[in-house]
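Remember, it's a predicted structure, so these values are computed and weren't measured experimentally. FYI, side chains are in, hydrogens and waters are out, and symmetry mates aren't considered; it's all heavy atoms of this structure. Counting from 1, the numbers follow the sequence of the chain as shown.
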Amino acid sequence: TKTAGLTFFDRKAYTGLLRYAVIRATLIGESLVTIVTSAPLPEAEEAVKTQLENLAKHLNCTSLIWAINHTNTDVSSGDELRTISGPGFIKEKIRGNTYKITPNSFFQTNSSAAGLLMDTVTSFAMTANPELLLDLYCGSGFFSIPLAKKINKVIGIEIVPEAIQDAIENAKNNNVSVDFRVAKTESADWKSIEADTIILDPPRAGLHDKVIADIMIAMPKNIVYVSCNFKSFAREMVSLGPKYEVSQMVAIDMFPHTPHVELVSHLVRR
């Protein structure tokens, strides 16, 4: 900031420009740098762009994105994205499956351990040889795509439109067929799909009460629950436990040097 003349964002006063630098590197050597800022004044916009273009020249990254957050919410993302350099996305390859990753679409944070997570979820999901699998909170298709190579029909539901756009492209690039849909899990009528196996990979807050209620109505034979918050999972099992038993459970350290783990549980209908 000293050389660029750009100010830092003050979380209390809601002033200043620079908020976050989000850096992602993939196993195949690509990298995405996202600079998150407040919305600049119109007269300063070109100057900010020039400084970010100068930064891109000094970085050996695949893409550099300017993400503008027009709100005071303290999040490391922006509601307006501008590509400063590169194609505006990166690609990752996990267990032979290629994925496009854009700034606002969720992808597993730890690529080095992502293969183990994929193997575990696939193993649990395939235990009962499902005919129709429903992937709730599917993101850009991380689980849907490898499972579509093994199961007759796979449906993925995700609330973020950008993630579904990536998922559709990812399915095409991996030569598989998945029915991806933009919808909010707690308001979508996914019960009528009558899937025999469901994957749940919700945000850290866990499942909405409506989703738990819908599960108890739909009663799929198998559930693979991927939880990044074991406390939420334990709380939800109080409701799910009378109808489902945990047949397998594996904890995967997706977040080294933190108290968090990714807990993968295979729930079987009683």
Q. Counting only N and O atoms by type, is there a donor-acceptor contact under 3.5 Å from the side chain of S227 to the main-chain atoms of L263?
A. no
Q: Quick one: which residue pairs count as a salt bridge (charged side-chain N to carboxylate O under 4.0 Å, His left out) with a foot in residues 127-142, not counting sequence neighbours?
A: none
Q. Can you name the side chain to side chain contact (heavy atoms under 4.5 Å, CB included) partners of E194, sequence neighbours left out?
A. none
**Q.** Side chain N104, main chain G78, donor-acceptor under 3.5 Å
**A.** yes
**Q.** Same apolar cluster (I L V M F W Y, side chains within < 4.5 Å links), W190/M216
**A.** yes
Pair up each side-chain donor or acceptor in residues 218-226 with any protein partner under 3.5 Å, not counting sequence neighbours, and list the distances.
unit_1	atom_1	unit_2	atom_2	d
N222	OD1	H266	NE2	3.1
Y225	OH	E236	OE1	2.3

Q. Between G16 and S38, which heavy-atom pair has the shortest distance, and what is it?
A. O-OG, 3.0 Å
**Q.** Inter- and intrachain pairs under side chain to side chain donor-acceptor pair (under 3.5 Å), touching residues 113-125, at least two apart
**A.** R95-D119
(Q) Can a side-chain donor-acceptor contact be found between N69 and T71 if the only test is distance below 3.5 angstrom? (A) yes
Q. What closest approach, in Å, do N110 and P256 show between heavy atoms, and which atom pair accounts for it?
A. ND2-CD, 3.6 Å
Please table the atom pairs, donor to acceptor, closer than 3.5 Å between any side-chain atom in residues 41-52 and protein atoms at least two apart or in another chain.
unit_1	atom_1	unit_2	atom_2	d
E45	OE2	R82	NH1	2.8
E45	OE2	R82	NH2	3.0
T50	OG1	E46	O	2.9

Q.
If the condition is side chain to side chain contact (heavy atoms under 4.5 Å, CB included), which residues does P203 pass it with, not counting sequence neighbours?
A. Y137
Q. Do any pairs count as a salt bridge (charged side-chain N to carboxylate O under 4.0 Å, His left out) and have a residue in residues 152-168, sequence neighbours left out, and if so which ones?
A. none
Q) Are any non-hydrogen side-chain atoms of T83 and S63 less than 4.5 angstrom apart? A) no
Q) Apart from Y14 itself, which Ile, Leu, Val, Met, Phe, Trp or Tyr residues share its cluster (side-chain heavy atoms under 4.5 Å, direct or through members)? A) F9
**Q.** Shortest non-hydrogen contact between A195 and L134, atoms and distance
**A.** CB-CB, 3.7 Å
Q.
Do N175 and K149 pair up side chain to side chain, a donor and an acceptor below 3.5 Å, judged on atom types alone?
A. no
Q: Specify the closest pair of heavy atoms between Y99 and G141, including all atoms of both residues, with the distance to one decimal.
A: CE2-O, 3.5 Å
Q.
Show the nearest heavy-atom pair for residues F142 and L117, with the distance to one decimal.
A. CE2-CD2, 4.4 Å
Q. If you group Ile, Leu, Val, Met, Phe, Trp and Tyr whenever their side-chain heavy atoms sit less than 4.5 Å apart, what else falls in with I159?
A. V160
**Q.** Residues clustered with Y20, ILVMFWY side-chain links under 4.5 angstrom
**A.** V22, V36
Q: Could you tell me which residues satisfy side chain to side chain contact (heavy atoms under 4.5 Å, CB included) with T98, sequence neighbours excluded, listed by chain and number?
A: K91, K93, N174
Q.
Please tell me whether T37 and W66 have a donor and an acceptor in their side chains that are separated by less than 3.5 angstrom.
A. yes
Q: Using the test side chain to side chain contact (heavy atoms under 4.5 Å, CB included), find all partners of F255 that sit at least two apart in sequence or belong to another chain.
A: T109, R204, C228, T258, H260, E262
